[in-house]
Amino acid sequence: MGSLIIEAIIWGFAALLTPCVFPMVPMTVSFFMKGSANKSQGRFKAMMYGLFIILLYTLPIAAIILVTRIAGGESVTADIFNWLATHWLPNIIFFVVFMVFAASFLGAFEIQLPSSLTNKSDRNSDKAGLAGVFFMALTLVLVSFSCTGPIVGTVLIKSTSGEFWTPIITMLCFSSAFALPFAVLAMFPSLLKKMPKSGGWLGSVKVVLGLVEIALGFKFLSVADQTYHWGILSRDLNLTIWIICFGTMLLYGLGLVGFPSSERKRKWTVLRVVLCTLLAVFEVYLVTGLFGAPLKELSGYLPPMQTKGWFYDHSDRYAQEAADEEIKYADFLHLPHGLQGYFDLEQAKTAARRQNKPLFIDFTGHGCVNCREMEARVWSDPAVLELLKNEFVICALYCDDKTQLPEKEWVKANGKTLKTLGKINAYIALNQYNCSAQPYYVLQDADGKMLAQPRSYNLDVQEFIDFLTSAVNVHGKQ
């Protein structure tokens, strides 16, 4: 939750620098200060303006979550979030939307909401009192849509893999950061004089945002590719796209390429030199990924290492410790770092009983950003790998896999028939372990007895080692 909150705040401040929003900051604050009887009234209205912005971003999300929970309970809300985050349709739609917005930022065309909608809201802003303030906030939200839409989508989609309240909290943090300058500048209007003026630098921001959106947009295509096992977007192909995007950004910063939305020739400044240097370093960092570097910091945004290579085939089976044992679903599911294990809970329990080892259950997902981070930054530790490889029977249960199972493996629950592997695993997670978010790690024996308190996303390697070791010790005493 902490990392999501920080990321949402960063995106909120980044949205302020977009060409749709930045010019409106001094304009709206000045309007409130001049249109009020006294300074205190102007400050109050400006603070309410910021509050209305927060509510306009947060309340719709909260309403959707509350209505679905009241109407259908936790399972319905979980199903909606799971569908939104992992189904091919919304992911392809978001991918296309990101590409369209990126093209707009790079100057191919302009995206605007219908003028009748924004004009009507703007006319209502002339009303006196808080009603006028509300419509001013609504006008800002509508006018800034073409710049903030993809940013809001990024924040929401990433947060839907967490608990039910995570999207509300992250959107609250995003909108608070987005609205904060209005309240601060109203309290201290002299700061307006110190703000940079609108100009060509906003065009540069548009170009940068456009290229970043192209890179991030492929995350949605990757999620659909992983959950449906299409095999079209390998790690190396995705990396190459990133290298092209950020390489183009570097060339633009050096003044070697231009875009219709921004002038090509700009003055050299210290900031420009620093940013170009950082981009050059990042480019080198990305290139090392093509030669096998794990790129742990980007693990949540790139396809897993198992898909390395321009072309890959999910059907390649990896060697199992027991060659004569048929591992269910191993023809399209894999564990990271060459680990061996199972993808069916009952089969894993049987193996744990046969080998007299504790069971490590990993509730994970193809579209789970935090799962990939845990695998890249925690599981990769030599001590953790040693424990997982030698002391546990591993069972990875993918809660978003869209593979439809044979009819004999379908599960009937709550009046529904669960046909896909992901829905069955999600049902097991929610009903047997009260888990609705990934990653979620359970350590138990073959009979279902807990050996340690279950653990979720946490990048502290030593705590994870202690978590595994404690379960091994408890199991050894049984």
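All of these numbers come straight from a predicted model, not from anything done at the bench. When reading the values below, keep in mind they use all heavy atoms of this one structure, side chains included, and skip hydrogens, waters and symmetry mates.
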Do Tyr57 and Trp11 make the cut of ring centroids closer than 6.0 angstrom? no

Kindly say whether the aromatic ring centers of Phe464 and Tyr441 come within a distance under 6.0 Å. yes

Looking at CE of Met171 and CD1 of Ile54, how far apart are the two atoms once the value is rounded to the nearest 0.5 Å? 12.0 Å

Can you check side-chain contact (heavy atoms from CB on, under 4.5 Å) on Phe94 and Leu221, steps first, answer last? CA-CA 9 Å; Phe94 277 114; Leu221 181 60; over 6 Å; no

Show the numbers, then the answer: is there a side-chain contact (heavy atoms from CB on, under 4.5 Å) between Phe282 and Leu250? CA-CA 10 Å; Phe282 188 59; Leu250 175 60; over 6 Å; no

With a 4.5 Å cut-off on side-chain heavy atoms, are Leu397 and Thr364 touching? no

Any side-chain heavy atom of Leu298 sitting closer than 4.5 Å to one from Tyr285? yes

Can you measure from CD1 (Ile10) to CD1 (Ile5) and round to the nearest 0.5 angstrom? 12.0 Å

For His87 and Lys402, indicate whether the former's side chain and the latter's backbone hold a donor-acceptor pair under 3.5 Å. no

Does some side-chain heavy atom of Trp379 sit less than 4.5 Å from a side-chain heavy atom of Asp362? yes

Identify the two heavy atoms, one from Ala471 and one from Ala452, that lie closest to each other, and give their separation to 0.1 Å. CB-CB, 4.5 Å

Taking C-beta and beyond as the side chain, do Leu239 and Leu295 meet within less than 4.5 Å on heavy atoms? yes

Residues in side-chain hydrogen bond (donor to acceptor under 3.5 Å, both in side chains) with Glu391, at least two apart? none

Could you state the interatomic distance from CG (Leu468) to CZ (Phe360), rounded to the nearest 0.5 Å? 6.0 Å

Quick check, are the ring centers of Tyr433 and Tyr440 under 6.0 angstrom apart? no

Determine the minimum heavy-atom distance between Pro439 and Met374, stating which atoms define it. CG-CG, 4.0 Å

Could you check if a side-chain atom of Ser204 sits within less than 4.5 angstrom of a side-chain atom of Tyr252, using non-hydrogen atoms only? yes

Would you name the heavy atoms of Thr86 and Thr227 that are closest together and state the gap between them? O-OG1, 3.3 Å

Heavy atoms, side chains only, cut-off 4.5 Å: are Asp401 and Asn425 in contact? no

Output the distance between atom SG (Cys368) and atom CZ (Phe363), rounded to the nearest 0.5 Å. 13.0 Å

With a 3.5 Å distance limit and no angle check, can you tell me whether Thr58 reaches the backbone of Leu55 through a side-chain donor-acceptor pair? no

Evaluate side-chain contact (heavy atoms from CB on, under 4.5 Å) for Glu373 paired with Asn370, printing each intermediate quantity in order. CA-CA 5 Å; Glu373 283 197 69; Asn370 290 340; 3.8 Å; yes

Give the intermediate values and the outcome of side-chain contact (heavy atoms from CB on, under 4.5 Å) for residues Thr403 and His229. CA-CA 8 Å; Thr403 303; His229 312 292; 3.4 Å; yes

With a sphere of 6.0 Å drawn around CD of Glu297, does it hold more than 12 non-hydrogen atoms of other residues, nucleotides or ligands? yes

By salt bridge (charged side-chain N to carboxylate O under 4.0 Å, His left out), which residues pair with Glu463, not counting sequence neighbours? Arg455

Does some side-chain heavy atom of Gln438 sit less than 4.5 Å from a side-chain heavy atom of Asp400? no

Do you know the tightest heavy-atom contact between Pro294 and Met305? CA-SD, 4.4 Å

Measuring from atom CG of Leu237 to atom CZ of Arg235, what distance do you get when rounded to the nearest 0.5 angstrom? 12.5 Å

Can you measure from CG (Leu211) to SG (Cys245) and round to the nearest 0.5 angstrom? 6.0 Å

Decide whether Asp236 and Ser234 meet the rule of one side-chain donor and one side-chain acceptor closer than 3.5 Å. no

Ser222 and Tyr301: CA distance, side-chain angles, deciding distance, side-chain hydrogen bond (donor to acceptor under 3.5 Å, both in side chains) verdict: CA-CA 9 Å; Ser222 175; Tyr301 297 93; over 6 Å; no

Check whether Glu283 reaches the backbone of Gly247 with its side chain - one donor and one acceptor, N or O, closer than 3.5 Å. yes

Taking all non-hydrogen atoms of both residues, which atom of Phe246 and which atom of Ala215 are closest, and how far apart? CE1-CB, 4.0 Å

Considering non-hydrogen atoms only, spot the tightest contact between Leu172 and Ser175 and give its length. O-OG, 3.2 Å

Just to verify, what does Asn238 make a side-chain hydrogen bond (donor to acceptor under 3.5 Å, both in side chains) with, not counting sequence neighbours? Trp242

So, does Asp225 use its side chain to make a donor-acceptor pair with the main chain of Gly231 at under 3.5 Å? yes

Under a 4.5 Å cut-off applied to non-hydrogen side-chain atoms, are Gln226 and Pro304 in contact? yes

